[in-house]
Amino acid sequence: GVTVHRRDCKNMQHLPESRKDRLVEIDWGQDAGAYPVTIRVSALDRSGLLRDVTHEMSAMKINLIRSETFTDIATQQVRMKLSVQVKSNEQLEQLMARLRKVKSVIDVQRGHG
């Protein structure tokens, strides 16, 4: 197994000399990059809805990887399955909050797959 410690950790400061040869320096990097997440949006159908949804992503500089949109003609409701790349859970939460404010949007949830 591997255990990660900060340089200023008490355990590191009291590490015996005989064990220091086992140390490996790590670097988490400045930016861990983005990871894919699926978001499900339910809304009432209207002209410009997809444009307004994608505008919110663009304004936050979030990349849209894939979009699937299904419209139920009988109920005039739209279901969107959007795959986006986010840098953090906080960024995802902010995006979902912004999408909930888009006109005609009923619900926004994190999806699975």
Side-chain angles (χ1 to χ4, degrees):
V2 175
T3 304
V4 178
H5 296 270
R6 292 174 34 153
R7 285 183 196 262
D8 59 352
C9 173
K10 290 186 291 186
N11 294 328
M12 294 299 298
Q13 294 170 357
H14 297 98
L15 188 68
E17 279 298 321
S18 62
R19 305 221 41 208
K20 288 189 178 181
D21 65 328
R22 299 181 69 194
L23 295 178
V24 175
E25 180 119 5
I26 62 169
D27 180 10
W28 297 112
Q30 294 297 324
D31 185 5
Y35 61 93
V37 177
T38 300
I39 299 174
R40 297 187 185 275
V41 178
S42 300
L44 298 175
D45 192 23
R46 66 172 175 83
S47 179
L49 175 63
L50 184 58
R51 178 201 62 223
D52 292 347
V53 167
T54 56
H55 171 77
E56 294 301 324
M57 293 176 205
S58 179
M60 293 182 65
K61 298 188 181 346
I62 292 176
N63 189 32
L64 176 63
I65 303 169
R66 182 177 179 160
S67 171
E68 296 178 45
T69 304
F70 306 94
T71 304
D72 184 332
I73 302 297
T75 63
Q76 291 298 300
Q77 287 196 358
V78 176
R79 290 185 326 252
M80 296 179 188
K81 181 179 173 184
L82 308 170
S83 296
V84 298
Q85 288 182 311
V86 295
K87 294 182 179 178
S88 67
N89 196 46
E90 292 77 23
Q91 186 183 41
L92 173 62
E93 292 297 327
Q94 183 182 13
L95 173 61
M96 291 173 59
R98 287 178 72 150
L99 293 178
R100 287 183 184 105
K101 294 178 182 177
V102 171
K103 180 182 173 187
S104 301
V105 169
I106 299 168
D107 188 34
V108 179
Q109 295 182 356
R110 183 172 181 166
H112 301 286

Sole candidate of R79, Q77, R100 that passes side chain to side chain contact (heavy atoms under 4.5 Å, CB included) when paired with I106
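Among the candidates, only Q77 passes.
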
How long is the span from the [atom1] atom in [X] to the [atom2] atom in [Y], to the nearest 0.5 Å?
{"X": "K81", "Y": "T38", "atom1": "NZ", "atom2": "OG1", "answer": "6.0 Å"}
{"X": "R110", "Y": "N89", "atom1": "CZ", "atom2": "CG", "answer": "6.0 Å"}
{"X": "E93", "Y": "R98", "atom1": "CD", "atom2": "CZ", "answer": "14.5 Å"}
{"X": "S67", "Y": "I39", "atom1": "OG", "atom2": "CD1", "answer": "11.0 Å"}
{"X": "D45", "Y": "S104", "atom1": "CG", "atom2": "OG", "answer": "8.5 Å"}
{"X": "K87", "Y": "M60", "atom1": "NZ", "atom2": "CE", "answer": "10.5 Å"}

With no hydrogens and no angle check, do the side chains of D107 and Q109 hold a donor and an acceptor under 3.5 Å apart?
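A pair is found: one side chain offers a donor N or O, the other an acceptor, under 3.5 Å apart.
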
Using the rule given for side chain to side chain contact (heavy atoms under 4.5 Å, CB included), can you reason through M80 versus V53, listing the C-alpha separation, both sets of side-chain angles and the distance that settles it, and then say yes or no?
CA-CA 10 Å; M80 296 179 188; V53 167; 4.2 Å; yes

Cluster question for you: counting only ILVMFWY and a side-chain heavy-atom cut-off of under 4.5 Å, with indirect links fine, are I65 and V41 together?
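Each belongs to a different hydrophobic cluster.
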
Is it the case that one hydrophobic cluster holds both L99 and L44, taking links as side-chain heavy atoms less than 4.5 Å apart, direct or via other members?
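Looking at the clustering, L44 is in a separate group from L99.
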
Hey, are the side chains of [X] and [Y] touching, using non-hydrogen atoms and a 4.5 Å cut-off?
{"X": "R46", "Y": "V78", "result": "no"}
{"X": "H55", "Y": "M57", "result": "no"}
{"X": "I62", "Y": "Q85", "result": "no"}
{"X": "L82", "Y": "L64", "result": "yes"}

Partner residues of S58 under the side-chain contact (heavy atoms from CB on, under 4.5 Å) criterion, sequence neighbours left out:
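side-chain contact (heavy atoms from CB on, under 4.5 Å) list for S58, sorted by chain: empty.
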
